[in-house]
Amino acid sequence: MLKIYNNLTNQKEIFVPIEPGKVRMYVCGITVYDYCHIGHSRAYIVFDMVTRYLRHAGYDVTYIRNITDIDDKIIQRANENNEDFHELTKRFIEAMHEDFNKLGILMPDIEPKATDNIPAILKMIETLIEKGFAYQADNGDVYFAVSKFDHYGELSGKRIEDLRAGERVDIDTNKRDPMDFVLWKTAKEGEPFWESSYGKGRPGWHIECSAMSTEMLGNHFDIHGGGQDLQFPHHENEIAQSECCTGEKFVNYWMHNGFVRVNEEKMSKSLGNFFTIRDVLKEYRAEEIRFFILSSHYRSQINYSDEQLDQSRSGLERLYSALLDVETGDVPQGTEYQQRFEGAMNDDFNTADAIAVLFDLARELNRTKAEKSTEVVALASLLRYLAGIIGLLEADAAEFLKSSVTDDGLSDESIDQKVAQRHQAKADKDWTLADQIRDELTGAGIILEDSADGTRWRR
RNA sequence: GGCUGGUUGGCAGAGUGGUUAUGCAGCGGCCUGCAAAGCCGUGGACGGCGGUUCGAUUCCGCCAUCAGCCUCCA
């Protein structure tokens, strides 16, 4: 029985889909004006893991992850580059797909872009105005009137009075209430725009997600996810817009992943303390990043550091080493390992605990390998199968262990050659030469392992 | 100031009202020409103060402390 921590109630709840056997899920995607960083990677690895597990659990999942391809930052960046904003977003969408693909993040079922959904957005704004939840201000912008929605603040646990009393609310004379937020923004000179009955302009950020999710998943769907920083105001605003527009409940389960920190501080664009995925991929294998992200529970905060990635590397090498030289075949059913693994995953997607099961399994596999038991194939198959549920251990073991991200200047062939030389030296009992070759390779980051079947190397 | 969520062994990180997490690192042993990998064994922990309880790291309260949100943000 799957339990999910629901931010609407701040407790774990048994997951019951609206339609039996089906899950409709929407996750807020990237605003594409720059390369994705490790913080972004966490959000999308997490929801990729959620999608994979839901499918494993037998649900027919429709997963939508949008792309915000029009907003102030995009316009600003495009101006700086002196390029059309479409060109800019196209480049970064391609880069994002490239990065995500390496990290084992599967494509969502639908990946809608805001600019492709302007009619749906305008339709929603129109309904909100008709129903009296939104108004056009003197400057042409259309705002949502927060005070008209009784449930405002329910998701984030905030009260409107507290928010109004807050020091950081901008005073904007065009708004009737400082809490109101923009649905349609009038275009300034030279800015991209779409025609509408409110004049030339572009959609606000919040309305995009409301419009695209309800358009594609229906007024009421199962899961809505995103980073913790989106809980307020973005998701709060989505609820307000959607429920006021449709008159129905919007989402049953709200899930938010925790942040990635750097030196105990949130990794973010504005703080400038971010590491892009492609930069990290110069030092670490993609799966090491995925493993690092999944080794903690998705709601906890994690600290990014080389030491962490190094530990993930060691852990992953242990798991792949266990799989080395073992055939895989039929996956044994109903094992205790699988029960434990699924028990962990059913407990609000506890990947940390689930990965511990993988290590237990690897230990038994190693033990069994030494005994040359017939159990070996079954255990290895099970290990791959369980890990595969969360998108891990999908590479060939030998290939993974021999792969390298940094160039050591040695080709696989030249290493094989040196290993062969050393093999001869060993046969001649020339330990000095054998050790000399090994030291040389060690210095280049190549680790040799002798066994009865010969010598194996890895990077 | 309001609201969230944390505080576990050297590091990372699960979990539990009384019993081994797990990984990395350490120590001892086995294996090995020596290593490495692997196996076996092993030390080491639950922020502070109260309360509930036969018993709390686990439940409750207070305090301290950290991070986050309240402005764009995964």
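Every chain is numbered from 1 and lettered A, B, ... according to where its sequence line falls, protein lines coming before strand lines. Computed from a prediction, not measured in an experiment: that's the story for all the values here.
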Quick one, A:I389 and A:F341 - any side-chain contact, counting heavy atoms below 4.5 Å? yes
So do the side chains of A:T115 and A:F85 get within less than 4.5 Å of each other, counting heavy atoms only? yes
Taking atom P of B:rU65 as reference, at what distance in whole Å does atom CD of A:Q301 sit?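 In whole Å, B:rU65 P and A:Q301 CD are 18 Å from each other.
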Could you state the CD-P distance from A:E307 to B:rG10, rounded to the nearest angstrom?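 After rounding, the reported distance stands at 14 Å.
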Measure from the side chain of [X], starting at C-beta and using heavy atoms only, and say which of [options] lies closest.
X: A:N366; options: B:rG33, B:rC39, B:rA14; answer: B:rC39
X: A:I302; options: B:rA74, B:rG13, B:rG38; answer: B:rG13
X: A:R458; options: B:rC39, B:rA74, B:rA37; answer: B:rA37
X: A:D353; options: B:rG13, B:rA74, B:rG15; answer: B:rG15
X: A:E449; options: B:rC39, B:rA74, B:rA37; answer: B:rA37
X: A:D162; options: B:rA36, B:rA74, B:rG2; answer: B:rG2
X: A:H297; options: B:rA74, B:rA14, B:rA36; answer: B:rA14

With A:V376, which of A:T368, A:N366, A:D325 fulfils side chain to side chain contact (heavy atoms under 4.5 Å, CB included)?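 That would be A:T368; it is the only one of A:T368, A:N366, A:D325 passing the side chain to side chain contact (heavy atoms under 4.5 Å, CB included) with A:V376.
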Determine: side-chain N/O of [X] to OP1/OP2 of [N], distance under 4.0 Å, yes or no.
X: A:K266; N: B:rC69; answer: yes
X: A:R299; N: B:rG5; answer: no
X: A:N257; N: B:rA74; answer: no

Not counting sequence neighbours, which residues clear side chain to side chain donor-acceptor pair (under 3.5 Å) with [X]? List them please.
X: A:D348; value: A:H297, A:Y298, A:R299
X: A:D116; value: none
X: A:D360; value: A:R340
X: A:E307; value: none

Can you find a donor-acceptor N/O pair under 3.5 angstrom joining the side chain of A:K158 to the base of B:rC70?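 Counting by modelled atom types and ignoring angles, no donor-acceptor contact under 3.5 Å is found here.
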Just checking, is any N or O donor in the side chain of [X] or [Y] under 3.5 Å from an acceptor N or O on the other one?
X: A:D48; Y: A:Y63; answer: no
X: A:N117; Y: A:E208; answer: no
X: A:D109; Y: A:T62; answer: no

Atom pairs and distances, side-chain donor-acceptor, residues 25-35 of chain A, under 3.5 Å, sequence neighbours left out:
unit_1 : atom_1 : unit_2 : atom_2 : d
A:Y26  : OH     : A:N66  : OD1    : 3.2

For RNA chain B, which residues in [range] have a heavy atom at a distance below 4.0 Å?
range: residues 430-445 of chain A; result: A:W431, A:D435, A:R438
range: residues 65-72 of chain A; result: none
range: residues 1-14 of chain A; result: A:Y5, A:N10

Identify, between A:S296 and A:G227, the residue whose nearest nucleotide on RNA chain B lies closer to the 5' end. A:S296
Considering heavy-atom distances to RNA chain B, does A:F259 or A:E317 have its closest nucleotide positioned more toward the 5' end?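 Residue closer to the 5' terminus by nearest nucleotide: A:E317.
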Parallel, tilted or perpendicular for A:H235 and A:W254, by the 30°/60° rule?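 The rings of A:H235 and A:W254 sit tilted, inter-plane angle from 30° to 60°.
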Would you call the rings of A:Y53 and A:F349 parallel, tilted or perpendicular, where under 30° means parallel and over 60° means perpendicular? perpendicular
Pairs under 3.5 Å (N/O, protein and nucleotides 30-32 of chain B):
none

Starting at the 5' end of RNA chain B, write a dot or bracket for each base, bracketing those in Watson-Crick or G-U wobble pairs whose two distances are under 3.5 Å and using | for partners on another strand. (((((((..(((.....[...))).(((((.......)))))....(((((..]....))))))))))))....
Between the protein and nucleotides 22-26 of chain B, which nitrogen or oxygen pairs come in under 3.5 angstrom?
unit_1 : atom_1 : unit_2 : atom_2 : d
B:rG23 : OP1    : A:R363 : NH1    : 3.3
B:rG23 : N2     : A:Q311 : OE1    : 2.5

List in chain and number order the residues that pass ring-ring contact (aromatic ring centres under 6.0 Å, His included) with A:Y152, two or more places apart in sequence or in another chain; answer none if no residue qualifies.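 ring-ring contact (aromatic ring centres under 6.0 Å, His included) check on A:Y152 returns nothing, list empty.
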Between A:H97 and A:F100 (judged by ring centroids, cut-off 6.0 Å), do the two rings come close enough to count as a pair? no
